[in-house]
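Nothing here was measured: the structure is a model prediction, and the numbers come from that model. We count ligands from 1, going down the list as the structure has it; atoms in each ligand are counted the same way.
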Amino acid sequence: MRVAVFSAKPYDRRFLTEADQGAGHELVFLEPRLSPDTASLAGGCDAVCAFVNDDLSAPVLERLAAIGVRLVALRSAGYNHVDLTAARKLGLAVTRVPGYSPYAVAEHCAGLVLALNRRIHRAYNRVREHNFALNGLLGFDLHGRTVGVIGTGKIGVRFIRIMAGFGCRVLAYDPYPGDEAVAAGARYVPLETLLGESDIVTLHCPLTPGTYHLIDERRIAQMRDGVMLINTSRGALIDTAAVLRALKTGRIGHLGLDVYEEEADLFFEDLSDEMPGDDVFSRLVTFPNVLITGHQAFFTEDALRNIAASTVASLTAYARDGSTAAIAPDALVC
Ligand code: NAD
């Protein structure tokens, strides 16, 4: 297969090239994001390989189909950015990478909780300036606190295990409860109960029309005063404007984000020499109790190796017999 790899960074090039050893696909690495303007760069390719902020809306899919692309191989688990109905109509196959490393995301999430609670980001800056004062760095013991986990799939269950290890009481909500979360130490409760009883609320569900702005003004009002809210799933799960208002009043005491509603125009690029164009984002980063990372929760060597192996396996399976079955990394010898 000749494959146009969009949004290709040096690490994508490295891990995909390694995974392709022996598979023999022709990988064409392209730095631009996939968009209506860049879709034509896939001319002469059988497939495109896309990441989370590539545009896979109907107009882009139509352009890809028109120039002979037959497969969209996502190197992500989430597929909320793909118009699957349009892809089906156009006869475009879509594959993704399910559960490439739930540990990576769950561990990053725990990192956000620890850093926010103990103000490690602030302490780091202070100590560099020889400011050893502790005022403003007061945290709380995680042991004995209540953590609410919304979405108990692969990542949610790993996160439950970590927090149970700290001695937290873990509450969970998922429309499809599973035994694994209970075995990991959580107790399923209705969403309202979780919001009302949790000191820390964290999101691990996918972005769908049903979960868009799941955390809005009404849900924030159901949370404990001074709650810590963490989102490492998808930005649009929370209504950022409502969260910003709640930060100003102190209703939300800590905010940890690895994803942001409008991240497509920001994340994965070095914009440090440019004028900030997103007022909401600029305001968020002024709060000392807000910690934002740029969609890096997945970014471990293990995860990148798994993503690349699974993506190449999907290309090979499609080339062999048109299969689009999701190939989880743990099903591969890698
Ligand atoms: P998963 O499919 O294993 O689990 C998702 C869970 O959410 C399922 O149990 C599902 O029943 C549940 N769910 C669906 N609708 C819900 C709702 N309304 N309320 C509560 N739960 C609901 O997915 P996963 O591998 O655990 O990944 C979770 C999310 O993490 C992905 O959808 C993706 O958006 C995000 N993610 C982020 C990164 C990152 O780098 N930040 C990396 C990978 C995945």
Side-chain angles (χ1 to χ4, degrees), residues 7 9 11-12 50-54 74-82 84 96-113 147-162 170-184 186 188-195 198 201-216 218-219 222 230-238 256-261 263-264 266-268 291-304 306-307 310-311 326-330:
S7 302
K9 301 289 181 196
Y11 43 85
D12 295 309
F51 198 46
V52 290
N53 290 332
D54 284 313
L74 301 174
R75 45 186 199 281
S76 62
Y79 50 89
N80 52 282
H81 55 312
V82 188
L84 290 174
R96 69 185 185 107
V97 184
Y100 46 80
S101 175
Y103 303 101
V105 183
E107 289 168 13
H108 188 81
C109 187
L112 289 176
V113 170
V147 178
V149 177
I150 300 178
T152 57
K154 291 174 282 297
I155 295 169
V157 165
R158 268 60 176 198
F159 185 72
I160 290 168
R161 259 185 226 141
I162 294 171
V170 187
L171 303 179
Y173 169 74
D174 194 306
Y176 306 97
D179 296 341
E180 261 197 292
V182 176
Y188 280 104
V189 293
L191 183 54
E192 291 68 27
T193 310
L194 181 150
L195 296 174
S198 297
V201 172
T202 178
L203 302 173
H204 299 290
C205 53
L207 176 61
T208 63
T211 60
Y212 176 79
H213 283 188
L214 179 70
I215 301 300
D216 58 8
R218 187 171 69 90
R219 296 286 188 210
Q222 294 170 342
I230 307 284
N231 186 11
T232 56
S233 280
R234 286 291 180 266
L237 289 174
I238 67 177
L257 300 180
D258 186 52
V259 286
Y260 172 61
E261 264 189 292
E263 71 175 54
L266 298 175
F267 288 2
F268 308 125
L291 184 52
I292 305 180
T293 51
H295 208 137
Q296 73 172 81
F298 74 100
F299 199 59
T300 65
E301 287 210 6
D302 312 73
L304 290 189
N306 286 339
I307 290 170
S310 180
T311 302
I327 302 175
D330 52 15

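The residue from Val157, Asp258, Leu191, Asp174 that puts a heavy atom closest to atom 8 (C) of ligand 1 is Asp174. Comparing heavy-atom distances from atom 37 (C) of ligand 1 across Val149, Thr232, Thr208, Asn231 singles out Thr232 as nearest. Distances from atom 44 (C) of ligand 1 to the heavy atoms of Ile155, Val52, Thr211 show the closest one on Ile155. Of the candidates Ala77, Gly78, Pro175, Gly153, it is Gly153 that places a heavy atom closest to atom 4 (O) of ligand 1.
In this structure, atom 40 (O) of ligand 1 lies nearest to the protein heavy atom Phe298 N, 3.0 Å. Scanning all protein heavy atoms for the shortest distance to atom 28 (C) of ligand 1 gives His204 O, 3.4 Å.
Ligand 1 places these atoms under 4.0 Å from at least one heavy atom of His295: 39 (C), 40 (O), 41 (N). Shown in contact with Tyr173 at under 4.0 Å from a heavy atom are these atoms of ligand 1, numbered in order with element: 19 (N), 20 (C). The Tyr176 neighbourhood of ligand 1 comprises atoms 11 (O), with distances under 4.0 Å to a heavy atom of that residue. Every atom of ligand 1 with a heavy atom of Ile150 under 4.0 Å away is listed here by number and element: 20 (C). Listed by atom number, the atoms of ligand 1 under 4.0 Å from Ala297 heavy atoms are 39 (C), 40 (O), 41 (N). Those atoms of ligand 1 that come under 4.0 Å of a heavy atom in Pro206, given as number and element, are 5 (C), 7 (O), 13 (N), 14 (C), 32 (O). Counting the atoms of ligand 1 from 1 in the order shown, those under 4.0 Å from a heavy atom of Val105 are 38 (C), 42 (C), 43 (C). Near Tyr100, meaning under 4.0 Å from any of its heavy atoms, are these atoms of ligand 1: 42 (C), 43 (C).
Side-chain atoms of Ser101 do not come within 3.5 Å of backbone N or O of Ala303 as any donor-acceptor pair. The backbone N or O of Val189 sits nowhere less than 3.5 Å from a side-chain atom of Thr193 that would complete a donor-acceptor pair. Between the side chain of Ser310 and the main chain of Asn306, no donor-acceptor pair closer than 3.5 Å is present. The main-chain N or O of Tyr103 is never found under 3.5 Å from a side-chain atom of Lys154 such that the two would form a donor-acceptor pair.
Taking every heavy atom of both residues into account, Ser198 and Leu171 meet most closely at OG-CD1, 4.3 Å. Heavy-atom minimum distance, Ala110 versus Ile162: CB-CG2, 4.0 Å. Shown here for Phe159 and Cys109, the closest heavy-atom pair between the two residues is CE1-SG, 3.5 Å.
Within the structure, ligand 1 has Gly151 among the residues with a heavy atom less than 4.0 angstrom away. Proximity of Ser233 to ligand 1 is established by a heavy-atom distance of less than 4.0 Å.
Scanning for side chain to side chain contact (heavy atoms under 4.5 Å, CB included) contacts around His108 gives Leu112, Asp258, Thr293, Gln296, Ala297, with sequence neighbours left out.
Contacts with ligand 1 closer than 4.0 Å are made by backbone heavy atoms (N, CA, C, O) of Thr152 only, the side chain lying farther away. Proximity of Lys154 to ligand 1, defined as any heavy-atom pair under 4.0 Å, is shared by backbone and side chain alike.
A side-chain contact (heavy atoms from CB on, under 4.5 Å) with Leu257 is found for exactly one of Asn231, Ile230, Leu291, namely Asn231. The ring pair (Phe, Tyr, Trp, His ring centres under 6.0 Å) test with Phe51 singles out one residue from Phe298, Phe267, Tyr11, and that residue is Phe298.
In the model, Ser76 has no side-chain atom that pairs as donor or acceptor with a side-chain atom of Tyr100 under 3.5 Å.
For atom 31 (C) of ligand 1, the nearest protein heavy atom is 4.0 Å or more away.
For Tyr79, the OH atom is loosely surrounded, since the number of other residues' heavy atoms within 6.0 Å does not exceed 12.
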